[in-house]
Amino acid sequence: MRIDVSKLLEHLNPAQREAVEHRGTPLMVLAGAGSGKTRVLTHRVAHLIATGDAEPRNILAVTFTNKAAKEMKERIWALLGNSHRELWVGTFHATCARILRGHGHLLGFDLNFSILDEGDQLALAKECCRELNLDTNRFPPSLLLRHVSNAKQNFIDPEEYMAQWAGDYLKGRVARFYALYQEKLKRSQAMDFDDLLFFVLKLFLEHREVLDLYRRRWRHVLVDEFQDTNQIQYRMVKLLAEEHRQICVVGDDDQSIYSWRGADPGNILRFDRDFPEVRIVRLEQNYRSTRNIIRASSSLISKNRMRKGKDLWTANEPGEMVSVYLAKDEREEARFVAREVRDLLLGQKVPPEEIAIFYRTHAQSRVLEEELMASKVPFAIYGGLGFYERKEVKDLVAYLRAVANEADELSWKRIINVPKRGIGAKTVQMVEKMAREKSIPFSQALRLWTREQRGGSSARVQGFIQFMDQLREVLREQGIAAALREAMVRSGYLDELRKSDEEKAQEREENLEALLNMAVEHELAEGKGEVQGFLEKVSLMSDLDMADPNHGRVSLMTLHSAKGLEFQVVFIVGMEEGLLPHSSSLKDLPSLEEERRLCYVGMTRAKRRLYLCVAGERRIWGVLQPMTPSRFISELPSQCLELTGQVSFEDGFCPDKDTMVGRWVRHEVFGAGTVVKVEAGGERLVVHFPGVGAKRFVTREAPLKWL
DNA sequence: GACCATTTATTTTTT
DNA sequence: ATAAATGGTC
């Protein structure tokens, strides 16, 4: 099929066009929020194909989320007029999983290896702690896992870690933990998320022929959200591209909000160094938001010192002011949001899916849910527990994993007594010991154990094994969905669920039904025998990806999950010191700046209308605490703000002087401002008014009211 | 092995 | 406030 090349370039601005047409040297696109980043990526891929510069199978495009990958694929197909299965667009993790299915055997991995999610990891970590007699108060599994993850992201294996840190009190223990953790993973033929990346890099470094294969295959490499790449991802990409140098990375340092997870925005600078002939294109025109929103956001982000610098501008109309609402407490804040949302829906006919409410922490969603519910506003919450993390879904998937990968000890142990079969911890312990002693997989030890033991639970174990063998047959002969149904019904799982007096039983059953439907769908798309692909999908998908065409619902989510989305109307709630910026980020400048970027990301999601909400007091962990408006609000230019809401502190209320700094006051003439300094033991105050500047007052006589 | 009481720890989390 | 994890008892 022929595609009109000039048509592809038609609706692009000069910078976008350059990014699409550029050839010959590495390319870095610094794309501001709403500047058409995805557009550039999709058009570039389509352009590569349309001009004949590349075959679909020679292109690798990596993203961070399945959702982004899916969107990109669909948009490219739309441009090209048909679907290209040979075109590889996927997340880093899915790409790595695929590579390892193909070549993992070179590192001793079974083709059917399992992928552990966070819950599985934690379960395994706890096991390790128990075996190592680690005091979980002093060394919480989550902390140990964090260290391990860090090590993996820096490509440090257990031996190297041990050699480096054996003498260190904490890290010496981490080292032992790391070694055992990896050993258990290997024994289970399992990998965690970091392993997928780690082992691909290892594969590339130790087996040049594999690297060469992929270098020849993927002659064009494109990376989305480049600011979010970690050390190991960067090295992977670099290895793939350093020979042909046909690489295009797209990112925005101002939207780097995952550095606490290992993302290293320094890779942007590193790219400059490793590919000195790089062509840099800046996309600075924003097509998404009104001028007021852009002005407020740009002003905020300009307060960051560590940035590459970009000037975002827009030709859009000024639009409405950014609303700052001062509420008495979180309840009143939620009521305001609910009331406003209702008005937008009914009065102004904004469709619900064009409205979003963002917060810093999940804990904040509860009041909002209650108030929205009370106002009969349809809404959906994203994040929190993902579909595949739900207990009942994980249980059922564990059955599938156990038969697909006999070595998967974690899965076997998970389901051995679910539903209850009278096989308890004692039995599991004994079988485990046996498996260790004979160095055989857990499932094999189970079989052996029934042969050697009489009485006790051995008959029940026998029954369990028989059931699993049967399940394997069903899977082989009738496919995934049939096997899931078998595991659900014939095991007695569903009966137990129905009998339980749990109030969520109904919901759980619906989830299982949804899982079955997904299995059927997968079979239709990929074929009945494709268990591995199904399990991979299940492990690598988050519920954010499933966020179905969330039609007819207002979206609630954390600021982190808001990245990459856009809405007509956006509310950011909890704009208070300690929440945004979060208290844990006040210790150093880099984390404070990341909080500012987080706020920036949230603000730039809004197309037409932006609300920032502040509560004067808030219940945190059950205790009522006075709150101060976020410094980020005072960093916005007052000309594009509209301050509304109740006065939330009584007149004359004077907190002690340590907590006065940062407090908001209202001045008869200057309007709202924040206290920036307390002088002479509280007798004088320096107050900063947005757009006016700093003013000094005698506290007693100042015409100020606390907000 | 199951159940109830007490204790404990709560940032964000694309995969 | 809350939920999960632990520890004791039956």
Side-chain angles (χ1 to χ4, degrees), chain A residues 62-70 90-97 115-123 126 136-137 140-143 145-146 149 152-153 191-197 224-225 227-230 232-233 255-263 330 358-367 382-386 388-389 391 417 420-428 456-457 460 536-545 547 557-565 574 578-587 591 594-595 597-599 601-602 618-624:
Chain A
V62 272
T63 62
F64 277 81
T65 65
N66 296 302
K67 203 173 162 212
K70 190 166 163 241
T91 63
F92 267 105
H93 290 83
T95 306
C96 289
I115 300 171
L116 303 197
D117 69 14
E118 220 174 292
D120 303 325
Q121 277 187 58
L122 209 58
K126 280 179 187 158
T136 47
N137 284 320
S142 58
L143 175 90
L145 281 175
R146 207 155 44 236
S149 174
K152 287 181 183 174
Q153 288 184 25
M191 296 193 206
D192 63 22
F193 289 140
D194 294 315
D195 283 335
L196 292 172
L197 306 172
D224 190 14
E225 305 280 17
Q227 76 282 352
D228 287 337
T229 48
N230 63 29
I232 209 158
Q233 287 162 333
Q255 293 187 65
S256 156
I257 54 174
Y258 283 104
S259 69
W260 49 275
R261 244 179 141 267
E330 78 269 25
F358 302 151
Y359 34 77
R360 176 66 234 262
T361 68
H362 280 301
Q364 290 167 257
S365 73
R366 204 182 194 100
V367 228
Y382 298 105
L385 244 208
Y388 291 114
E389 284 155 45
K391 185 185 169 302
N417 202 29
K420 296 192 180 69
R421 305 185 166 88
I423 308 173
K426 266 273 159 54
T427 307
V428 171
S457 58
R460 280 161 276 170
E536 204 168 289
K537 206 189 282 183
V538 166
S539 319
L540 296 180
M541 264 239 276
S542 79
D543 77 326
L544 228 58
D545 303 314
M557 65 186 84
T558 62
L559 284 160
H560 280 91
S561 27
K563 196 168 73 166
L565 306 175
L579 255 186
L580 183 66
H582 197 272
S583 49
S584 59
S585 73
L586 301 175
K587 53 186 191 306
S591 16
E594 181 145 322
E595 295 286 307
R597 290 194 291 270
L598 193 53
C599 185
V601 165
R618 179 180 294 278
R619 206 170 279 279
I620 295 176
W621 297 337
V623 251
L624 196 64

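Residue numbers begin at 1 in each chain, while the letters A, B, ... track the order of the sequences.
- Here B:dT11 presents its C1' atom at 13 Å from CD1 of A:Ile257, a figure rounded to the nearest Å.
- Atoms CD (A:Glu595) and C1' (B:dT11) sit 8 Å apart, rounded to a whole Å.
- Listed nucleotides C:dA5, B:dA2, B:dT11 differ in distance to A:Asn417; the shortest reach to its side chain belongs to B:dA2.
- Taking atom NZ of A:Lys391 as the reference point, atom P of C:dA4 lies 12 Å away to the nearest angstrom.
- Residue-level contact check: A:Ile423 touches the backbone only, with heavy atoms under 4.0 Å from sugar-phosphate atoms and none from bases.
- Of all nucleotides listed (C:dA1, B:dA2, B:dT13), B:dA2 comes nearest to the side chain of A:Lys420.
- Atoms CG (A:Leu143) and P (B:dT8) sit 19 Å apart, rounded to a whole Å.
- Nearest heavy-atom pair across A:Ile115 and A:Phe193 is CG2-CE2, 4.0 Å.
- A:His582 and A:Ser584 are linked by a side-chain donor-acceptor pair at a separation below 3.5 angstrom, with hydrogens and angles left out of the test.
- Among the heavy atoms of the strands, none lies under 4.0 Å from A:Phe92.
- Side-chain nitrogen and oxygen atoms of A:Asn66 include none within less than 4.0 Å of the OP1 or OP2 phosphate oxygen of B:dT14.
- Under 3.5 Å, the side chain of A:Thr91 and the base of B:dT15 form no donor-acceptor pair of N or O atoms.
- Side chains of A:Glu595 and A:Ser591: no donor on one and acceptor on the other come within 3.5 Å.
- Side-chain atoms of A:His93 lie closest to B:dT15 of the nucleotides B:dT12, B:dT15, B:dT14.
- Judged by distance alone, with hydrogens and angles left aside, A:Arg261 brings no side-chain donor or acceptor close enough to the base of B:dT11 to form a pair under 3.5 Å.
- Heavy atoms of A:Glu118 sit under 4.0 angstrom from at least one base atom.
- Place A:Lys426 and A:Ala94 on DNA chain B by their nearest nucleotides, and A:Lys426 ends up nearer the 5' end.
- In this structure a side-chain-to-backbone donor-acceptor pair under 3.5 Å is missing from A:Gln233 to A:Phe92.
- One can place CZ of A:Phe64 at 21 Å from P of B:dT12, the figure rounded to the nearest angstrom.
- Comparing A:Ala363 and A:Arg460, the nucleotide of DNA chain B nearest to each residue sits closer to the 5' end for A:Arg460.
- Computed from coordinates, the A:Leu122 CG to B:dA9 P distance equals 15 Å when rounded to whole Å.
- If you take CG of A:Asp228 and C1' of B:dT12, they are 13 Å apart, rounded to a whole angstrom.
- Closest contact between the side chain of A:Phe193 and the listed nucleotides C:dA1, B:dT15, B:dT11 involves B:dT15.
- Judged purely by atom type and a 3.5 angstrom limit, A:Arg460 has no side-chain atom pairing as donor or acceptor with the backbone of A:Ile423.
- Pairing for C:dA1 is with B:dT10, a Watson-Crick or G-U wobble pair whose two hydrogen-bonding atom distances lie under 3.5 Å.
- Ring stacking holds between A:Trp621 and B:dT10, with the centres under 5.5 Å apart and the planes within 30 degrees of each other.
- At B:dT11, none of the side-chain N or O atoms of A:Arg146 fall inside 4.0 Å of OP1 or OP2 (strictly under the cut-off).
- For A:His362 and C:dA3, the NE2 to C1' distance is 15 Å, given to the nearest whole Å.
- Heavy atoms only, all atoms of each residue included: A:Lys126 and A:Pro141 are closest at CG-CG, 3.8 Å.
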